[in-house]
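These numbers come from the heavy atoms of this one structure, side chains and all, not from hydrogens, waters or symmetry mates. Naming convention: chains lettered A, B, ... in sequence-line order (proteins, then strands); numbering from 1 in each chain.
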Amino acid sequence: GAVVSQHPSWVICKSGTSVKIECRSLDFQATTMFWYRQFPKQSLMLMATSNEGSKATYEQGVEKDKFLINHASLTLSTLTVTSAHPEDSSFYICSLGGGPYEQYFGPGTRLTVT
Amino acid sequence: AQSVSQHNHHVILSEAASLELGCNYSYGGTVNLFWYVQYPGQHLQLLLKYFSGDPLVKGIKGFEAEFIKSKFSFNLRKPSVQWSDTAEYFCAVRAQNAGNMLTFGGGTRLMVKP
């Protein structure tokens with residue numbers, strides 16, 4: 001399967017600041033990437049689908065102005081959490097769509113907002 | 001929209017015990033079904049998947065799952081668990097025409113006692 005990396009793996013930021021999380025596909029050109037968040041002891045919740053060269057599609061209840069997604073190339077998608085608050089603290093995971101109908105997951109980024 | 005439920009949130013077993021984790025989904029159309037595993041501190045990995053054909057699917061590490069269409073179920077089984085199977089297990093469903101988008105169940109945390 002494809003190799004997916006995320007950077008940073010863990011970030012601590014102050015409330016009100018913005019944080020950018022990168023998701024890279026190391027050996028696969030991904031036209032579609034997915035962003036999930038996972039709260040402690042809970043399942044993954046899809047936040048948005050990131051499409052290369054076009055606007056991301058956000059799931060219901062996810063604020064697109066707060067969680068900015070940019071998928072500028074076939075190997076990189078970024079998620080920016082703007083004006084972060086403590087309730088945004090979570091584990092953010094990206095995945096890319098492989099074939100057929102598979103997803104390859106990154107290792108996740110743990111965001112802690114103080 | 002489809003939903004996925006995993007009935008067992010926490011399971012504790014002794015080594016060599018048999019395992020069965022339940023997964024039910026709600027969607028009337030054609031689905032693809034997946035089981036993912038997340039070992040402590042690691043990213044999601046695909047255990048097995050069902051697309052079509054034989055409803056009994058064999059995956060890695062001795063796991064298997066059976067798709068029972070009439071029951072909308074895709075239960076995961078392993079005849080004899082090992083301590084190294086301690087992890088969280090997620091069932092996921094992809095509905096027809098949903099592209100690569102997956103809907104995850106709430107997860108089951110398995111602890112195997114040595």
Side-chain angles (χ1 to χ4, degrees), chain A residues 1-10 21 23-26 28-52 54 56-62 71 77 91-110, chain B residues 1-11 21-25 27 29-53 57 59-60 87-111:
Chain A
V3 178
V4 183
S5 71
Q6 284 185 238
H7 177 80
S9 56
W10 192 10
I21 302 169
C23 175
R24 290 184 184 273
S25 170
L26 301 183
F28 187 84
Q29 291 190 323
T31 56
T32 304
M33 288 187 176
F34 302 89
W35 285 96
Y36 297 84
R37 64 188 300 182
Q38 184 181 26
F39 289 107
K41 299 183 180 181
Q42 294 188 32
S43 185
L44 285 78
M45 299 297 294
L46 180 65
M47 297 175 66
T49 303
S50 164
N51 300 297
E52 189 266 336
S54 64
T57 304
Y58 290 81
E59 294 300 301
Q60 193 173 10
V62 178
H71 191 163
S77 176
F91 198 54
Y92 292 87
I93 302 170
C94 74
S95 72
L96 58 92
Y101 310 124
E102 290 192 39
Q103 289 188 28
Y104 302 106
F105 289 85
T109 296
R110 186 169 301 284
Chain B
Q2 63 270 22
S3 65
V4 183
S5 62
Q6 293 180 239
H7 314 295
N8 317 101
H9 298 293
H10 290 92
V11 174
L21 302 181
C23 172
N24 286 87
Y25 65 94
Y27 182 72
T30 302
V31 294
N32 303 133
L33 300 155
F34 305 81
W35 274 98
Y36 285 89
V37 60
Q38 188 174 31
Y39 296 104
Q42 296 189 29
H43 61 279
L44 283 167
Q45 299 173 44
L46 181 66
L47 264 183
L48 48 79
K49 61 190 178 187
Y50 171 80
F51 284 174
S52 64
V57 179
I60 61 172
E88 186 148 19
Y89 293 81
F90 294 94
C91 179
V93 172
R94 176 201 156 268
Q96 189 178 32
N97 301 324
N100 290 69
M101 196 177 85
L102 295 175
T103 300
F104 282 85
T108 297
R109 192 173 295 269
L110 171 66
M111 179 182 294

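- A search for ring pair (Phe, Tyr, Trp, His ring centres under 6.0 Å) contacts involving F104(B) returns Y36(A), F105(A), Y36(B), not counting sequence neighbours.
- With chain A as the partner, the residue from T103(B), L44(B), L46(B) showing the most heavy-atom pairs under 4.5 Å is L44(B).
- Separating the CG atom in L102(B) from the OG atom in S95(A) is a distance of 7.0 Å, to the nearest 0.5 Å.
- With a 4.5 Å cut-off on non-hydrogen atoms, Q60(A) does not touch chain B at all.
- Remark: H10(B) NE2 is packed, more than 12 non-hydrogen atoms of other residues, nucleotides or ligands lying under 6.0 Å away.
- Of the atoms belonging to Q38(B), it is side-chain heavy atoms, and not backbone ones, that fall under 4.5 Å from chain A.
- Looking at L46(A), only its side chain comes within 4.5 Å of chain B, counting heavy atoms on both sides.
- A distance-only check finds a donor-acceptor pair linking the side chain of S43(A) to the backbone of G105(B) [under 3.5 Å].
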